[in-house]
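Just below is one structure, and these are the notes that go with it.
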Amino acid sequence: MGTRISGVGMYAPPRVMSNKDLEKLVETSDEWIRERTGIEERRVAKQGTPTSDLAAEAARCALEDAGIAPDAVDIIVVATFTPDMLFPSTACFVQSKIRAKNAFAFDISAACTGFVYALSIADALIRAGRGKTALVIGAEIVTSILDYTDRNTCILFGDGAGAVVLTECPEGEGLLSCHTYSDGDLWGYLHGPGGGTAAAGTPDGEEAPKRVITMSGNEVFKHAVTRMGEVSLEALAVNGFTKDDVDLFIPHQANLRIIKSVGKRIGIPDERVFINLAQYGNTSAASIPIALAEARAQGRCKKGDLVLMAAFGGGLTWGSALVRM
Ligand code: ACO
């Protein structure tokens, strides 16, 4: 027994922030951002919006796509590093909002690799008999933890949510394998210290630092290209496929130059790589399921297609998944 993706859905807040808008906030230019990242605009949630609002919208779309009622969901996993609250989990808020009263719900934290990790966990839970139907969601309001005086980071990210419904299927169909890795020694390249115990306020009146992303862009860039390339080739080799068998490659949408370099390393031509980075920026854990939903809607990912997904992110973490749609 294995698992398959039976439904996909996405949601992005309507407000668009263009590169020109960012020119008014930090010393940058539309030209620099396009050339160095490939990003043209990103979506921004209204201040105070809980991440679970976006996640619930994407979940409703995925359930409708699958033709499955909310009360048939057994497991809800939300991948996010921008949760509604420290606790309860964002997944519990989603459960309440979509009325999935028979599910158990929890969050996982693997930054931009979060969706691949969540898919892997949900697949393992279903295979272990802990449920038959899972909602796997990547949802972020990254703009809530950006420092709009830091041009190295604030231009990169956007908000959104994507979801898939995972259900049982015969072994050898659907989700063929997941590969997940981390190297905690490299945490310092990409992190958000505010809000955690390692950087908390004290009873003596010391203030907690702001919740913002801190990043060494060049280090993350090099790591992303190497690791996403490796883990993509691993997924193909383990399943006895080659690059020529892949109908669509969906990489984490962080930087166009990273995506092109990884495509070249694996040997998959541009026309079989899905890219929607220009419209959304980096939506972290939401980027792959948003891309999957858009690829499906555009007819670029059909039933029976072999889809390779790969991601990297804070941790540092990285991972891949190979799926027969
Ligand atoms: N506008 C204008 N100039 C800028 C900007 C900006 N927004 N940002 C940096 N610069 C300047 C720098 O100050 C530097 O100037 P200098 O030469 O005078 O010192 C110059 O541009 C080059 O800077 P680099 O950092 O070398 O630029 P690079 O080409 O590496 O691009 C970037 C930077 C876009 C951040 C790139 O390194 C990158 O995309 N890295 C990966 C980041 C990433 O994907 N992070 C998300 C990970 S997923 C997760 O878990 C959250």
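Indexing begins at 1, ligand by ligand and atom by atom, following the structure's order.
Salt-bridge check for K97 with D53: passed, with a basic side-chain N closer than 4.0 Å to an acidic carboxylate O. Salt-bridge check for E219 with K222: passed, with a basic side-chain N closer than 4.0 Å to an acidic carboxylate O. Under 4.0 Å is where a charged nitrogen must lie from a carboxylate oxygen, and between D74 and K132 no such pair does.
Applying the ring-ring contact (aromatic ring centres under 6.0 Å, His included) test to residues at least two apart or on different chains, the pairs with a partner in residues 291-325 are Y181-W318, H223-W318, H252-F312.
In this structure, the separation between CZ on R4 and CZ on R324 is 12.0 Å, given to the nearest 0.5 Å. The CZ atom of R34 sits 10.5 Å away from the OG atom of S29 when rounded to the nearest 0.5 Å.
The 4.0 Å heavy-atom shell around ligand 1 contains residues E27, T28, W32, R36, T37, F81, A111, C112, R151, N152, I155, F157, L190, M215, G217, N218, V220, F221, H252, A254, N255, R257, I258, N282, F312, G313, G314, ordered by chain and number.
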